[in-house]
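Below you'll find the structure, written out as structure tokens, and then a few comments.
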Amino acid sequence: MNQNNLPPYAIFCDFDGTITTEDTFTGMLKAVAPHLCDQYLPDIYAKRITLREGVRKIIESIPSHCYSAMLAYVDEIPLRAGLQELVKFASANQIPFHVVSGGIKDMVIRVLTHQLLHNRPLIEQIASIHAVEIDTSQAYLSPISDYEAGTELVAKVKVMEQYPAQTTISIGDSITDLNIALNADITFARDRLAYYLDEAGTFYYHWDDFFTVRDRLAKLIQV
Ligand SMILES: [Mg+2]
């Protein structure tokens, strides 16, 4: 496709620790399977095992009857301020807002359905949601990802390639966002992701909440 035919911008936003104020996926795993997290999380963060192996091993060790309690965990977690305002800004400027998560898709759907924008579920304003789907039909959970590749259970860069734009924008907070952050044209980073990008010597905009992102984008984009 000719570059000029592409939409000017597209936003790719992480979920856990980005839309939620804490890493819901990790928090939930720690609640449901603390011993496995002690075993695998330090190795994942230190990059001694891949996200793909580590997250898969943890999920596959959780009995399926725990699933509904796992999803309910997210109801207690506060969201980061300004999400509605950023989604509103994106939609007013015809910028597709994609949610790309290495966490559990049902959890993302649950949160975005409960959030309202103009009295409508926020999820109606979201262009797409890509995350790990869970098969609960067996004794233990089984993760299903259409975008499993390389070291990642959800290869966010592959998702981004599905929705090309002249300028891609990524928003994230941790190691699952590292590859997309390195590949997006504009990157917003906080917490652990900012540290990884400092290490890689990659430029990014630091963000505190979604108001920071909206205000920076309002300056950057020329619609
Ligand atoms: Mg995250």
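Quick caveat: nothing in here was measured; it's all calculated off a predicted structure. Each ligand, and each atom within it, is numbered from 1 in the order the structure gives. Along the sequence shown, residues carry numbers from 1.
- Results of the side-chain hydrogen bond (donor to acceptor under 3.5 Å, both in side chains) test with Thr18 over Asp16, Asp14, Thr21 single out Asp14 as the only residue that passes.
- Here Asp16 contributes O and Asp14 contributes OD2, and at the Mg ion (ligand 1) these two atoms make an angle of 90°, given to 10°.
- A cation-pi arrangement, defined by a distance under 6.0 Å to the six-membered ring centre and an angle within 45 degrees of its axis, is present between Arg192 and Tyr45.
- Distances from the Mg ion (ligand 1) show that Asp177 has no N/O/S atom below 2.8 Å.
- When distances from the Mg ion (ligand 1) to the N, O or S atoms of Asp173 are compared, OD1 comes out shortest.
- For Asn93 and Tyr9, the side-chain atoms include no donor-acceptor pair closer than 3.5 Å.
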Verify salt bridge (Lys or Arg N to Asp or Glu O under 4.0 Å) between Asp75 and Arg110, making sure each step is shown before the conclusion. CA-CA 8 Å; Asp75 296 345; Arg110 186 174 176 119; 2.6 Å; yes

